[in-house]
Amino acid sequence: MAFQHLFVPRARIATFRVQLRLEDLNNVPPLSGLFYAKWKFQDHGGSSPRVPVVNQEVRWSHTITKTIDIPISKDGLLSPCELKVAIKQEVYSHVRTKVGSLAVNLSEYARLSGSSRRYFLQECKLNCTLKLSIAVTQEAGPETYDVPPLDRSMVLTDLNDMISNENATSRSARENSTQGATSFSSRQRSIIRNNSGNANLAFTSASSVHTNTTRSNTTETSNSRALLPIDNTDIRDLAPFQRSSKKNQQIVDDVFFSSPSLPT
């Protein structure tokens, strides 16, 4: 336990297991020498292996696991626990140059299951970024406390995180769109069924009206035909050039069969 925690009641001290992983340092120019990271939080400290630059990257994959005690303030807020990381370059085993540094409050990660982020380095002239994985898990002590908000001022969102967030947003939008389309289709099918029922009812009514009208017209036509008498004898008399008309026959004979008289 740290010296400053001796005056805090044990009922306000939470115990956590901290798992750190120094992943890599990227955007490093092709410099000579070896790069390493020195880290420290509370009473723990150490350094990573010394690694050269390969393809503008320094990869450590160095894992750190420690147990720490973090007091809880009277206001119920988890006190700060600062992790300090310093990146250094070593040339010819005796010349050491500071590349950059980073300070992270581990208390901000107490409620997170695990986080892997890329951070900007402070006091860095090479524009390098450090990828760091942090997992803070409570092992003992009170669980009723507030966690300070996560400071994102030095966090660089990784491309994979951006793609994952974009995919999650797109998937949520597609699900909402699908649900909306499904509800709209249900409403549309209900309207179509109602309209179809009304159309069938209207068609049935129209058909019955048309049938009644047709029957009425047929009855009227039959009645009108019954009222018109037909005299076959009169019709025969109206036909031209019938044998029954002697006058007409006489005219035909005079025109076509009579012999013209020659002048003397």
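Hydrogens, waters and symmetry mates play no part in the numbers below; they use all other heavy atoms, side chains included. Along the sequence shown, the residues carry numbers beginning at 1.
- Side-chain contact between Val51 and Trp60: present, with at least one pair of heavy atoms (C-beta onward) separated by less than 4.5 Å.
- For the pair Pro49 and His62, the minimum side-chain heavy-atom distance is below 4.5 Å.
- A pairwise comparison of heavy atoms in Ser113 and Ala135 identifies O-CB, 4.2 Å as the closest pair.
- For the atom pair CD1 of Ile13 and CD1 of Ile70, the computed distance is 11.0 Å after rounding to the nearest 0.5 Å.
- Side chain of Ser48 to backbone of Ala37: a donor-acceptor contact under 3.5 angstrom is found.
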Intermediate values then yes/no, side-chain contact (heavy atoms from CB on, under 4.5 Å), Phe16 and Thr67 = CA-CA 6 Å; Phe16 297 90; Thr67 301; over 6 Å; no
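- Shortest non-hydrogen contact noted between Arg12 and Lys74 is NH1-N, 3.9 Å.
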How far apart are the C-alpha atoms of Arg10 and Asp69, what are their side-chain angles, what is the distance that settles it, and do they pass the side-chain contact (heavy atoms from CB on, under 4.5 Å) test?
-> CA-CA 10 Å; Arg10 187 62 189 176; Asp69 293 329; 3.9 Å; yes
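- Here CD of Gln122 is found 5.0 Å from OG of Ser101. Values are rounded to the nearest 0.5 Å.
- Here Val54 is tied to no hydrophobic group at all, with no ILVMFWY side chain closer than 4.5 Å.
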Would you be so kind as to tabulate the donor-acceptor pairs closer than 3.5 Å made by side chains of residues 17-24, with sequence neighbours excluded?
residue	atom	partner	partner atom	Å
Arg17	NH1	Glu139	OE2	2.9
Arg21	NE	Glu23	OE1	3.3
Arg21	NE	Glu23	OE2	3.1
Arg21	NH1	Thr63	OG1	2.8
Glu23	OE2	Ser133	OG	3.1
Asp24	OD1	Arg118	NH1	3.0
Asp24	OD1	Arg118	NH2	3.2
Asp24	OD2	Arg59	NH2	3.4

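- Note on Leu34 and Ile87: separate hydrophobic clusters, where clusters join Ile, Leu, Val, Met, Phe, Trp and Tyr whose side-chain heavy atoms are under 4.5 Å apart, directly or indirectly.
- The heavy-atom pair separating Ala11 from Pro142 by the smallest distance is O-CG, 3.2 Å.
- With Tyr145 as the aromatic partner, Arg111 meets the cation-pi criteria of under 6.0 angstrom to the ring centre and within 45 degrees of the ring axis.
- Grouping the Ile, Leu, Val, Met, Phe, Trp and Tyr side chains by contacts below 4.5 angstrom, directly or via other members, places Val28 apart from Tyr36.
- You'll find the side chain of Asn127 stays beyond 4.5 Å of the side chain of Leu121, heavy atoms only.
- Note that CZ of Arg96 and CD of Gln89 are 12.0 Å apart. Values are rounded to the nearest 0.5 Å.
- With values rounded to the nearest 0.5 angstrom, Glu57 atom CD is found 12.5 Å from Phe35 atom CZ.
- Annotation: side chain to side chain contact (heavy atoms under 4.5 Å, CB included) contacts of Pro149 (sequence neighbours excluded): none.
- When all heavy atoms are compared, the tightest approach of Val8 to Pro71 is CG1-CB, 3.9 Å.
- Looking only at distances, no side-chain donor or acceptor of His44 sits under 3.5 Å from a matching main-chain atom of Ile64.
- Side-chain contact between Ser116 and Lys131: present, with at least one pair of heavy atoms (C-beta onward) separated by less than 4.5 Å.
- Counting heavy atoms from C-beta outward, Glu108 and Asp151 have side chains that approach closer than 4.5 Å.
- Here Tyr109 contributes atom OH and Ile134 contributes atom CD1; the two are 4.5 Å apart, rounded to the nearest 0.5 Å.
- Put simply, the side chain of Asn26 does not reach to within 4.5 Å of the side chain of Cys128, judged on heavy atoms.
- Listed for the Glu82 side chain is no donor-acceptor partner under 3.5 Å among the backbone atoms of Lys40.
- Leu126 is listed as a side-chain neighbour of Leu31, based on a closest heavy-atom distance under 4.5 Å.
- No continuous path of hydrophobic side-chain contacts links Leu150 to Leu77 [ILVMFWY only; heavy atoms under 4.5 Å].
- No chain of hydrophobic side-chain contacts below 4.5 Å, direct or via other Ile, Leu, Val, Met, Phe, Trp or Tyr residues, connects Val91 to Val53.
- Once rounded to the nearest 0.5 Å, the distance linking CG of Leu83 with OG of Ser107 reads 11.0 Å.
- Between Ile72 and Ser79 there is no side-chain heavy-atom pair separated by less than 4.5 Å.
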